[in-house]
Amino acid sequence: MAENEIKKQAETEEPRIGVFICHCGLNIAGVLDIKELVEYARTLPNVVYVKDNRYTCADPGQEEIRKAIKEHKLNRVVVAACSPRMHEPTFRRTVSDVDLNPFLFEMANIREFSSWCHPNSPEEATEKAKELIKMAVAKSRLLRPLQTIEVPVTNKALVVGGGIAGMNAALDLAEMGFKVYLLEKSESIGGHMAQLDKTFPTLDCSICIEGPKMVDVGRHSNIEIISNADLLSVSGFIGNFKVKIRKNPRYIIAENCTGCGECKDACPIEYPNEWDMNLGVRKSISVPFDQSVPLVYTINKDYCIECYKCVDACGARQAINFEQQPEEIEIEVGAIIVSTGFDVYLPYDDPLYGYGKYANVITSLEFERLILAAGPTGGKVIRASDGHKPHTVAFIQCVGSRDVNKYPYCSNFCCMYTLKHVVQLKEKYKQDVEVYVFYMDMRSPFKGYEEFYDRARELGVNFIRGRVSRILEVPETNNLVIHAEDMTLGQPIEIESEMVVLATAAIPKKGTDEMARVLNLTRGADGFFMESHPKLKPIDTPTDGIFLAGACQGLKDIPYSVSQGSGAASRAATVLSKPKWKIEPIVSVIDPTKCRNVTAKCGICAERCPYGSIKVEEKKAAEVITAMCHGCGTCVAECPADAITQMHFTDAQIVAQIRAALETNPEGKILAFLCNWCSYAGADLAGTSRFEYPPIIRPIRVMCSGRVDRDFILEALRLGAGMVLVGACHLPYDCHYISGNWKMKARMDALAPMLQKLGLSAERFRVEYVSAAEGVRFAELIREMTEQLHTLGKDKIIAENAKLKPVLENMLKRKQQK
Amino acid sequence: MPLKTMKTDTAETLTLEWILHVKNYKLTIDKNLCVGCQICVLACPKEAIKIEKQSKVQGEKARKAKVDADLQKCNFCGICDVLCPYGAIKVTLNGEHALSVVEKESFPQLIRDIQVDASKCPADCVECEEACPLDLIKISRLTADGKVVENVGSPTKRKRKKLQVKVDVDKERCPCCRICEFKCPEGVMRVRKFFYGKIVIHPDKCPEGCTDCLDVCPITGALYLSDEDKKVRVNELFCVYCGACKVVCPVEEALELKRTKTSHTAVRSGAWNKALERLASPVEITKELKAKGSLRARDSVEKRLGWKSA
Ligand SMILES: Cc1cc2nc3c(=O)[nH]c(=O)nc-3n(C[C@H](O)[C@H](O)[C@H](O)COP(=O)(O)OP(=O)(O)OC[C@H]3O[C@@H](n4cnc5c(N)ncnc54)[C@H](O)[C@@H]3O)c2cc1C
Ligand code: SF4
Ligand code: SF4
């Protein structure tokens with residue numbers, strides 16, 4: 001809609017409201033008295049036209065709305081029919097067909113909320129429907145036209161972390177035709193997979209399958225690898241991120257380096273190779289492993305003695321530059337995929353295992369480097385103490401994982417990689433090696449995994465169920481004695497082994513906290529990045545335009561990291577493929593003249609916003625970054641100065657609904673604030689399932705329970721509401737807006753005792769958590785509350801109200817004066 | 001096994017170690033052999049070695065400075081091993097003496113030019129053996145059939161003449177002070193120094209009664225006490241320019257020590273240039289480079305020092 005049209009509609013002083021009442025066949029008309037509703041609607045202020053249709057949503061019904069808008073110069077439309085969760089988008093389109101701003105439309109839910117849930121009390125149901133229409137009309141009088149916000153989209157992507165997940169995301173996006181920057185912190189892409197020997201359950205060589213992919217990434221004309229670099233900062237929003245990156249010096253001019261490695265041969269200095277888990281060494285000028293991508297050498301100045309032998313060896317290629325400095329670059333992208341992977345726990349701090357103390361205790365990742373043919377021992381599994389091949393090897397599971405004192409979660413892939421290790425050992429050394437596995441539970445739930453477990457069992461591996469209590473070294477032989485409780489036999493056992501391999505927990509990558517800060521991501525209790533919704537948005541993050549892939553979101557093995565990489569690429573493509581990104585205008589807007597932060601230190605809104613979309617700078621009014629706002633309205637309810645407005649759910653609009661609902665017989669009613677995604681949906685479900693409950697509830701829809709201002713409760717009670725209910729999504733994680741329900745809870749937890757002190761019966765103000773699936777529960781809840789309301793009795797309620805009213809009036813007035 | 005790094009400090013030795021699953025890097029400093037000079041400190045490219053002057057107990061002799069090495073900084077390159085005049089430092093890989101900087105020609109070796117023509121040695125002469133301040137010379141006599149003669153006095157004079165004399169010098173530990181050469185009555189020994197330089201003591205600046213430098217100098221005769229004024233004087237003939245004296249000298253200006261030239265195998269190496277710069281002086285190194293015709297390297301040194309605009 002054109003800008004000037006919006007202005008015109010906004011300036012139109014006097015609302016001219018058209019009300020359309022739907023029969024929905026007999027779904028509504030079978031219970032409610034439509035005629036009475038029509039008559040009633042005509043009496044409402046500013047209503048200039050009322051019409052009933054058999055099916056308003058059908059073409060003829062929609063056409064009637066369009067016609068009426070034109071003929072009667074309607075500037076507001078109310079449809080009383082089904083749930084807005086069903087047809088609001090339909091009717092918004094209908095009105096905008098004839099140039100009425102879609103946000104000047106409102107629905108009254110008289111089907112799910114009336115005819116369907118009160119079929120046996122048609123009179124009361126009709127009464128309720130009238131009030132639902134009245135509430136909708138009251139709100140519609142205050143509606144304002146809104147412009148859908150559009151932001152341009154830079155159709156390039158940034159992938160942070162070049163492990164197998166990030167590589168796949170980058171390749172998919174590049175194949176779709178988008179330019180991708182692949183930022184890798186270390187010298188080469190590849191991630192942990194490049195460190196592995198074989199992969200379960202097929203035992204194919206890891207680098208043989210990953211290497212070609214790495215090369216594809218390196219060669220793809222749409223991918224630019226930025227390796228040996230750090231992410232410094234990210235600003236902007238979906239479609240428009242500005243990213244600062246520091247390229248750390250390699251002291252090699254990448255364009256000139258041919259990767260021949262002649263410098264390496266000339267270099268006299270060696271240092272422990274982290275890529276080899278420090279089991280082996282690399283040269284001061286080298287690549288971490290032969291298949292590195294990009295194949296550009298790096299000088300480690302911590303060890304280099306600057307003999308310049310490499311410079312001589314490099315000769316005419318002139319690829320070495322000792323003066324290279326860190327370089328900061330800025331790139332612009334429309335979407336970001338985070339795939340920073342994980343780290344492995346090194347149990348130095350747990351004396352139980354003797355790691356770091358006993359030479360022959362190693363971690364599983366170290367074992368990978370030992371058994372790898374290209375590894376520091378040339379693929380020989382040998383003991384550090386004497387260089388001999390061990391004849392017994394014991395594997396210990398869940399080291400640090402599933403341990404309440406360390407990492408309570410399961411690290412997901414350790415069972416499977418240990419099975420891989422035992423199969424490898426058994427197949428390599430056959431009868432020559434005895435293998436033990438100490439485990440709590442063997443987890444092998446995916447395709448081909450249980451069969452792999454069988455293969456290990458058939459090879460004669462000893463699986464012992466039980467936790468290890470301690471490991472001690474035999475000083476003469478450097479063998480290890482493992483003490484454990486065999487749960488199957490129910491008795492303690494002791495096993496002497498020549499080598500011990502610890503399947504240690506996989507933990508959040510070092511720097512995850514910093515990354516979370518830079519990208520404004522949240523982390524779960526386990527420290528990994530949190531997705532937007534554990535089921536329906538497992539790849540999205542709370543920040544629009546930023547997606548997750550691989551182990552950084554939660555531990556997963558290679559096939560799942562690959563899948564999620566592709567998933568993240570497709571999610572990112574939904575943004576990148578559009579020239580403009582549309583943002584629902586139901587966002588928060590701050591009135592800078594009211595914001596306290598100008599004169600004092602406030603910033604409460606920024607602190608409470610689940611999306612970090614409010615910018616607060618000292619001595620300046622807080623500012624909403626519109627493109628990041630998800631429109632939950634939590635900040636609006638939190639602002640102590642009432643300086644924030646949520647478009648389409650303004651204080652005035654909601655108060656108008658409250659007042660309309662409670663105009664008559666307030667003591668006999670339950671006024672309910674229901675959040676759109678869970679409790680409102682739960683109430684809808686009660687209707688669609690035809691669960692009956694008493695018709696005394698008057699629901700007001702808000703996007704999130706976080707929007708429910710304490711003043712709304714006070715206002716409802718001031719007007720004498722029999723009961724007030726706030727319905728929200730279940731704690732802890734169900735909230736559609738991450739934590740709006742928690743913010744609401746904190747607010748109401750403070751309010752409830754205060755109200756009780758003022759004389760309100762505790763039952764009269766309730767916060768309840770109802771999911772979209774809990775129609776039964778919603779109906780039961782209303783039945784239970786109605787019963788309580790009757791038990792309390794009207795007289796008691798009126799008496800309480802008389803006492804409360806002056807205090808509440810005072811509180812609300814004081815606030816308004818401020 | 002995860003990487004283990006270790007430092008062990010005993011009365012006899014100081015060791016640094018990197019113990020990897022399959023490799024073991026070790027640096028050992030023999031504290032008895034160390035004289036507390038400053039060569040390794042100046043040579044180390046990682047500034048991993050420090051030398052600390054010992055506090056002096058009134059009335060006692062000055063003690064040699066104490067050496068210390070930093071596990072965090074050392075990268076086991078072995079440059080200190082190469083340069084230690086007294087052979088006090090050894091760098092090994094898996095127990096074997098390993099100097100990859102030398103092997104890869106990224107650092108030169110000192111030329112310990114010690115020539116012995118034992119054919120001229122009288123069978124009963126032990127002058128050099130007795131003169132060596134560091135006890136590095138062993139003289140032995142063999143019969144024609146290769147048997148070692150323990151007691152030189154026992155054979156007859158004629159037979160004695162037929163004995164073959166062998167002079168073994170522990171070259172690795174020899175600082176080439178030339179004392180043996182000067183003591184040898186027959187001109188058998190020929191020794192060339194590997195550090196050249198200048199050492200001057202200004203007796204007027206020496207505190208009354210101070211003999212600290214003399215106390216720590218490992219080379220007998222390089223410094224001596226003057227009978228006239230009881231102050232220390234230099235005999236440059238024997239000084240090896242190790243700087244042990246300079247380290248302990250309490251008065252900055254009293255003792256001047258300058259190394260100008262070294263005798264080493266030929267290499268092209270930035271690391272050596274830098275070591276030389278610290279061991280001698282930038283002036284000396286540009287001279288050396290000029291002599292060698294390494295113009296590019298010289299340019300880079302001059303640029304780094306700001307003598308020449310980049
Ligand atoms: C011992 C062991 C054996 C295993 N064996 C198997 C197996 O046989 N089969 C199997 O399916 N799975 C196996 N796994 C699991 C497998 O390693 C993971 O599933 C896989 O590596 C996850 O890939 P990723 O890309 O998410 O993370 P990673 O492989 O960890 O890659 C993350 C990448 O991001 C980079 N990065 C990190 N932080 C930043 C930053 N701040 N900025 C830029 N870049 C950054 C890292 O350098 C790295 O390159 C094994 C794991 C272990 C520990
Ligand atoms: S200058 Fe450094 S990187 Fe180059 S060869 Fe010498 S030690 Fe190795
Ligand atoms: S160089 Fe000198 S000070 Fe350093 S260890 Fe050798 S003898 Fe001691």
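All chains are named by letter (A, B, ...) in the order of the sequence lines, taking the proteins before the strands, and each is independently numbered beginning at 1.
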* To do: Go through B:Lys23 and B:Asn94 one step at a time and tell me if the side-chain contact (heavy atoms from CB on, under 4.5 Å) criterion holds.
  => CA-CA 6 Å; B:Lys23 283 196 166 177; B:Asn94 298 338; 4.2 Å; yes
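Classified by interplanar angle (parallel below 30°, tilted 30° to 60°, perpendicular above 60°), the ring pair B:Phe107/B:Trp272 is perpendicular. Taking the six-membered ring for Trp and thresholds of 30 and 60 degrees, A:His192 and A:Phe342 have nearly parallel ring planes, at less than 30 degrees apart.
One side chain, A:Glu496 or A:Asn479, offers a donor N or O that lies under 3.5 Å from an acceptor on the other. Looking at B:His97 and B:Asp81, their side chains do bring a donor and an acceptor atom within 3.5 Å of each other. Side chains of B:Tyr196 and B:Arg259: a donor-acceptor N/O pair is absent below 3.5 angstrom, by distance only.
Within a 6.0 Å sphere centred on NZ of B:Lys26, other residues, nucleotides and ligands contribute 12 heavy atoms or fewer. Residue B:Lys258 qualifies as open at atom NZ: its count of foreign heavy atoms under 6.0 Å is 12 or below.
For A:Lys301, the part sitting under 4.5 Å from any heavy atom of chain B is the backbone (N, CA, C, O) and nothing else. Heavy atoms of B:Leu99 lying under 4.5 Å from chain A are absent altogether. For A:Arg383, the part lying near chain B is the backbone, with the side chain staying farther off; criterion is any non-hydrogen pair under 4.5 Å. For chain A, the nearby parts of B:Glu105 are the backbone and the side chain; heavy atoms of each come within less than 4.5 Å. Heavy-atom distances place the side chain of A:Leu370, and not its backbone, under 4.5 Å from chain B. Looking at A:Asp302, only its backbone comes within 4.5 Å of chain B, counting heavy atoms on both sides. For chain B, the nearby part of A:Tyr348 is the side chain; its heavy atoms alone come within less than 4.5 Å. For B:Tyr25, the part lying under 4.5 angstrom from a heavy atom of chain A is the side chain only.
Across A:Ile362, A:Leu279, A:Asn360, A:Thr377, the residue that shares the most heavy-atom pairs under 4.5 angstrom with chain B is A:Leu279. In terms of heavy-atom pairs under 4.5 Å with chain A, the best-connected choice from B:Ile19, B:Asn75, B:Val101 is B:Asn75.
Each salt bridge (Lys or Arg N to Asp or Glu O under 4.0 Å) pair with one or both residues in residues 35-54 of chain B, not counting sequence neighbours, would appear here, but there are none.
Chain A is approached within less than 4.5 Å, heavy atom to heavy atom, by B:Pro2, B:Leu3, B:Lys4 from residues 2-13 of chain B, ordered by number.
A salt bridge links A:Asp432 with A:Lys389: at least one charged nitrogen is closer than 4.0 Å to a carboxylate oxygen.
Atoms OG and CD1, from A:Ser497 and A:Ile471 in turn, are 9.0 Å apart once rounded to the nearest 0.5 Å.
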